[in-house]
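Each remark here refers to the structure printed beneath this line.
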Amino acid sequence: MARVPARTPKGMRDYLPADMIKRRYVFDTVRDVFESFGFEPIDTPVLELRETLFGSGMGEDAEKLVYYAQHAGGKEELALRYDLTVPLSRFVAEHENDIKLPFRRYHIAPVWRGERPQKGRYREFYQCDADIVGVRGPAADAEVMQVVYTALRRLGFADFTIKMNNRKLLTGLGIYAGISDEQLPSLYRIIDKTDKIGLDGVAGMLAESNLPAESVTRLVNILRLDGTGDAQQRLAAIGHLREELDGVAIAQEGLDELEYLTYAADAFGMSGDNVALDLTMVRGLGYYTGPIFETVITKPDNLGSVQGGGRYDELVGRFRGQSLPTTGISLGIERLVDLMEMLDLYPASVSGTTVVQALVTVFDEDSQLGSLRLAADLREAGLRVETYMDPRKNLGKQIGYADSKGIGLVVIAGPDEQAQGLVRLKRLHDGEEIVVQRAAVGAEAAAFLG
RNA sequence: GUGGGCGUAGCUCAGUUGGUCAGAGCGCUUGUCUGUGGAACAAGAGGUCAAGGGUUCAAGUCCCUUCUCCCACCCCA
């Protein structure tokens, strides 16, 4: 019989127990942070109607990466969700009667993109989104930025930069440089390449795109602005932009928001190393309308961004008629998990490859039920317990099994101990062994484990 | 989607200019060992050399195609 190849689809992975223990730690930490800011959990189907996803302003490039999902007799045109933002907009419109505005929700779930896989880039991956629906003011933007900062700090990251920019400012730059609306997307595309090709490269590409030389010069001079440093330096940079873009109303609006966020970051105690103004950060998704954010880890700096987000005030309107101002962020858990590993940021409690804390040994078939009962008592006391299943194996094999699996405690209650109403507890990492009363085994074992 | 690199036992890899080249270490199974692990010794299982096609008397080794993974674009978490 021909063997069926055992493999996952391209760009999609299985997670082993050791992987899941670490992933769960990251998910739990992020969830705790989200909830501490008052975000409520929701979930949505992994499939959406195709019309929900398409034309949402995510961009034509992105739409080509959407997975279709159809069953034989299906009458609906379905697709796997590409992000959690478009589903949220649909969700808000659909459940308006059941939610309270402003609506703060978080959503931790997988999304699918048919890209070519690379390190830190998969076709199925989890996103952790936190969004605030129904608040127009920049306080909401400031708060989602603070969520990013808090979550990364809580996970143990120190060297990262939350880059901020503003779509209104970018629009204003287009006006300032005398660029038509049709040319704006290609302008953004070029500007976004700055960190790869440098400003000179950008200038070259702009010149090739038949922009007037004067426009190119004016633009590049603005983009040259240094948005790093402490709050005072960043405020000074914004002041400089204000003068330069005097008379461009939309740009001034964007600058107002950036100024607010700069003050906010300072008030939140974020250092100048963790925040930066970056006029060349654009973000590909087309639905952003105001402040935009993107975070990169700066120490190992080869894994792309770990966070993206911003304000998208028009998206909900697609599903609701009248729109609702919305802002939010998305953390890329896959890259965070990879980076946590590289930087060794996991606490000792999640370093193991098993959830089992204690192994109850077994001596023979006659006493096996007694072993199962002993395990039950230990579980009652809150321990995670596995019972050894093969009574023919000697004690040495059973201890060896516990050791190789990383189980810290072996529980021994053979005929000798049972006759005296006792249980023997052996701790593997230091070989320490104690004898305790059978009746008190739960508490004793928990204490012995530390 | 475009260009490039890689692919030999579960894992890490060795395989000379095509001709005992199907191997090693680790891991796994069993035994020494029906009450105390990380060891030792012995025996054993496991591979259509990623898949398919071609050149040749002969291919893991050369050529073509496909696929995974990786890298650079594109784009993005």
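Proteins come first, then strands; the chains are lettered A, B, ... in the order of their sequence lines, and each starts at number 1.
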Spacing between [X] atom [atom1] and [N] atom [atom2], to the nearest angstrom:
X        : N     : atom1 : atom2 : result
A:Tyr82  : B:C76 : OH    : C1'   : 6 Å
A:Leu16  : B:G10 : CG    : P     : 15 Å
A:Met12  : B:U68 : CE    : P     : 12 Å
A:Ile329 : B:A77 : CD1   : P     : 12 Å
A:Ile197 : B:C75 : CD1   : P     : 11 Å
A:Asp430 : B:G37 : CG    : P     : 15 Å
A:Phe125 : B:C76 : CZ    : P     : 11 Å
A:Leu428 : B:A39 : CG    : C1'   : 15 Å

Please work out if [X] contacts a base, only the sugar-phosphate, or nothing of the nucleic acid, heavy-atom cut-off 4.0 Å.
X        : value
A:Gln398 : nothing
A:Arg13  : nothing
A:Arg121 : base
A:Gly406 : nothing
A:Glu115 : base
A:Lys193 : sugar-phosphate
A:Tyr122 : base
A:Lys426 : base

Counting only heavy atoms not in A:Glu380 (residues, nucleotides, ligands), do more than 12 fall under 6.0 Å from its CD?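 Atom CD in A:Glu380 is not crowded, with 12 or fewer foreign heavy atoms closer than 6.0 Å.
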If you draw the axis of the six-membered ring of [Y], does the NZ or CZ of [X] fall within 45° of it and under 6.0 Å from the ring centre?
X        : Y        : result
A:Arg113 : A:Phe125 : no
A:Arg50  : A:Tyr68  : yes
A:Lys22  : A:Tyr346 : yes
A:Arg104 : A:Phe37  : no

[X] side chain vs [Y] backbone, donor-acceptor pair below 3.5 Å:
X        : Y        : value
A:Gln368 : A:Met389 : yes
A:Arg81  : A:Pro110 : yes
A:Ser330 : A:Asp129 : no

Stem list, RNA chain B (Watson-Crick or G-U pairing under 3.5 Å, at least 3 consecutive pairs):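 Paired runs of 3+ in RNA chain B: B:1-5 with B:69-73, B:10-13 with B:23-26, B:28-32 with B:40-44, B:50-54 with B:62-66.
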Take atom [atom1] in [N] and the same atom in [M], then report the distance between them in whole Å.
N     : M     : atom1 : value
B:A77 : B:G4  : C1'   : 25 Å
B:A14 : B:C6  : P     : 13 Å
B:C11 : B:A72 : C1'   : 29 Å
B:G18 : B:C26 : P     : 33 Å
B:A45 : B:C28 : C1'   : 8 Å
B:U56 : B:G47 : P     : 32 Å
B:A40 : B:U8  : C1'   : 31 Å
B:G25 : B:C62 : C1'   : 31 Å

Residue whose nearest RNA chain B nucleotide is more 5′ - A:Pro117 or A:Arg283: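 Result: A:Pro117.
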Most 5' of A:Tyr126 and A:Gln118 on RNA chain B, judged by nearest nucleotide: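 Its nearest nucleotide lies further toward 5', so the answer is A:Gln118.
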Rounded to the nearest 0.5 Å, how far does CE of A:Met205 lie from CD1 of A:Ile197?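 Answer rounded to 0.5 Å: 5.0 Å.
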Nearest-0.5 Å distance that lies between atom CD in A:Glu40 and atom CD in A:Glu35: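 With rounding to 0.5 Å, CD (A:Glu40) is 8.0 Å from CD (A:Glu35).
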Salt bridge (Lys or Arg N to Asp or Glu O under 4.0 Å) evaluation trace for A:Arg189 with A:Asp192: CA-CA 5 Å; A:Arg189 200 176 300 263; A:Asp192 200 26; over 6 Å; no
Distance check: side-chain N/O of A:Arg189 vs OP1/OP2 of B:C75, anything under 4.0 Å?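 Yes, A:Arg189 has a side-chain N/O under 4.0 Å of OP1/OP2 on B:C75.
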So does A:Lys196 get a side-chain nitrogen or oxygen closer than 4.0 Å to the phosphate oxygens (OP1/OP2) of B:C73?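 Affirmative; the distance criterion is met.
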Is the A:Phe34-A:Tyr106 ring centre distance short of 6.0 angstrom?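 They qualify: ring centres under 6.0 Å apart.
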Can you tell whether the side chains of A:Arg438 and A:Asp377 come within less than 4.0 Å, N to carboxylate O?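 Yes, this pair counts.
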Sub-3.5 Å pairs of nitrogen or oxygen atoms, protein against nucleotides 3-6 of chain B:
{"residue": "B:G3", "atom": "O6", "partner": "A:Arg116", "partner atom": "NH1", "Å": "3.4"}

If I compare all heavy atoms of A:Ala140 with all of A:Arg311, which pair ends up nearest, and what's the gap?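 Here A:Ala140 and A:Arg311 meet closest at CB-NH2, 3.9 Å.
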Per-pair stack call A:Tyr401 and B:G37, 5.5 Å, 30°: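 No; centroid distance or tilt outside limits.
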If you only use heavy atoms from C-beta on, which nucleotide in B:G37, B:C71, B:C74 is closest to the side chain of A:Lys119?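 Among the listed nucleotides, the one closest to the side chain of A:Lys119 is B:C71.
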Candidates B:C74, B:G37, B:U68 - which lies nearest the side chain of A:Arg7: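 Nucleotide nearest to A:Arg7's side chain: B:U68.
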Return the polar atom pairs (N/O with N/O) between nucleotides 32-35 of chain B and the protein under 3.5 Å, or none.
{"residue": "B:C33", "atom": "O2'", "partner": "A:Asn394", "partner atom": "ND2", "Å": "2.6"}
{"residue": "B:G35", "atom": "OP2", "partner": "A:Leu395", "partner atom": "N", "Å": "3.2"}
{"residue": "B:G35", "atom": "O6", "partner": "A:Pro415", "partner atom": "N", "Å": "3.3"}
{"residue": "B:G35", "atom": "O6", "partner": "A:Asp416", "partner atom": "N", "Å": "2.6"}
{"residue": "B:G35", "atom": "O6", "partner": "A:Asp416", "partner atom": "OD1", "Å": "3.2"}
{"residue": "B:G35", "atom": "O6", "partner": "A:Asp416", "partner atom": "OD2", "Å": "3.0"}
{"residue": "B:G35", "atom": "O6", "partner": "A:Glu417", "partner atom": "OE1", "Å": "3.4"}
{"residue": "B:G35", "atom": "N1", "partner": "A:Glu417", "partner atom": "OE1", "Å": "2.8"}
{"residue": "B:G35", "atom": "N1", "partner": "A:Glu417", "partner atom": "OE2", "Å": "3.1"}
{"residue": "B:G35", "atom": "N2", "partner": "A:Glu417", "partner atom": "OE2", "Å": "2.7"}

